[in-house]
Amino acid sequence: MNRKYRKTVIAGNWKMNQVASGVKPFIEELKENLPKQKSCDIVLCTPAVMVPAMIKAGKDAKVAAGAQDVSKHAKGAKYCIVGHSERRQYHGEDDMLVNAKAKALLEKGIIPIICVGESLEQREMDLTMEYVSYQVKAALYGIDASALRRCIIAYEPIWAIGTGKTATAEQAQEVCEGIRTVIRKMYGARPARAVSILYGGSMNAKNAAELLAQPDIDGGLIGGASLKPVDFAAIVAATNQDAE
Ligand code: PEP
């Protein structure tokens with residue numbers, strides 16, 4: 001993390017694992033377990049039908065509501081995930097659509113959390129950085145430096161999502177640093193320094209501190225552990241560590 005230049009973000013990705021009536025009790029339990037002092041922005045991305053409940057319940061706990069996807073033509077929440085590997089895989093979303101969706105969100109004042117990440121085959125073929133660089137360049141195509149300031153990038157190696165196999169802190173740092181280098185080449189040093197890059201892929205209460213201690217990892221995008229208030233609160237607490 002680098003708090004001097006970037007904000008730290010812990011974002012949960014609930015997918016279809018909760019019901020609207022579970023939002024309020026979840027937030028109450030989360031609130032009880034959160035550290036008094038918070039060093040990060042907290043976001044919970046839920047299915048669209050739960051966004052109103054999250055906006056209402058989250059206000060008091062300072063948890064921002066986010067959506068899990070967006071139509072490139074529509075309106076949405078405060079944050080929205082785009083380009084998640086499951087949308088790319090199961091809904092045939094390509095980089096051009098991810099780019100169009102990110103632009104649509106920015107136009108409406110919504111912060112896109114843009115997901116990128118390689119498959120296991122690509123990692124084994126030593127294609128990780130080439131592939132991820134391509135995804136980042138395509139997702140940001142036509143987005144100017146002032147709009148880039150409102151984007152968040154999430155590096156999510158596909159082989160680590162929902163598998164319990166986390167990238168090592170070194171592997172995650174290497175790719176997040178590489179993503180920042182790509183952004184530096186596109187926009188220059190200052191905008192690159194200011195972009196928050198999250199890691200996602202089996203981040204949990206145990207491994208969060210080591211991942212978040214890396215200089216180019218500015219937070220997490222969390223699936224499974226975001227469904228457990230105590231674990232999610234522990235990940236938030238792991239951002240309360242010394243950083244530059
Ligand atoms: C995700 O679904 O984006 C994710 C990172 O899931 P998990 O934390 O469960 O690996």
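Atoms within a ligand are numbered from 1 in the order they appear, just like the ligands themselves. Predicted model only: the values in this text are computed from it and were never measured.
Within a 6.0 Å radius of NZ in K38, more than 12 heavy atoms belonging to other residues, nucleotides or ligands are found. Within a 6.0 Å sphere centred on CD of Q122, heavy atoms belonging to other residues, nucleotides or ligands number more than 12. No more than 12 heavy atoms of other residues, nucleotides or ligands shown are found within 6.0 angstrom of OH on Y141.
By the 4.0 Å N-to-carboxylate-O rule, R88 lies close enough to D95 to be salt-bridged with it. A salt bridge between R180 and D218 is present, with a side-chain N of the basic residue lying under 4.0 Å from a carboxylate O of the acidic one.
An N or O contact shorter than 3.5 Å is missing between G200 and ligand 1 by distance. For ligand 1, none of its N or O atoms has an N or O atom of L221 under 3.5 Å away. Polar contact with ligand 1: present for N13 (N/O pair, distance under 3.5 Å).
For residues 8-31, every residue pair satisfying the salt bridge (charged side-chain N to carboxylate O under 4.0 Å, His left out) rule, not counting sequence neighbours, is listed here: K15-E86, K24-E28, K31-D60.
Atom 2 (O) of ligand 1 has its closest protein heavy atom at K15 NZ, 2.6 Å. For atom 9 (O) of ligand 1, the closest heavy atom belonging to the protein is G224 N, 2.8 Å. Protein heavy atom at the shortest distance from atom 8 (O) of ligand 1 is G223 N, 2.8 Å. Of the protein's non-hydrogen atoms, E156 OE2, 3.0 Å is the one closest to atom 5 (C) of ligand 1.
Counting the atoms of ligand 1 from 1 in the order shown, those under 4.0 Å from a heavy atom of A160 are 10 (O). Ligand-side atoms of ligand 1 in range of G162: 7 (P), 9 (O), 10 (O), range being under 4.0 angstrom from any heavy atom.
Distances shorter than 4.0 angstrom occur between a heavy atom of H84 and an atom of ligand 1. Distances shorter than 4.0 angstrom do not occur between any heavy atom of G164 and any atom of ligand 1. Distances shorter than 4.0 angstrom do not occur between any heavy atom of A225 and any atom of ligand 1.
Here C115 has no heavy atoms under 4.0 Å from ligand 1, in either its backbone or its side chain.
Only one option out of R3, K7, R6 pairs with D41 in a salt bridge (charged side-chain N to carboxylate O under 4.0 Å, His left out); it is K7.
For S133, there are no side chain to side chain donor-acceptor pair (under 3.5 Å) partners two or more places apart in sequence or in a different chain.
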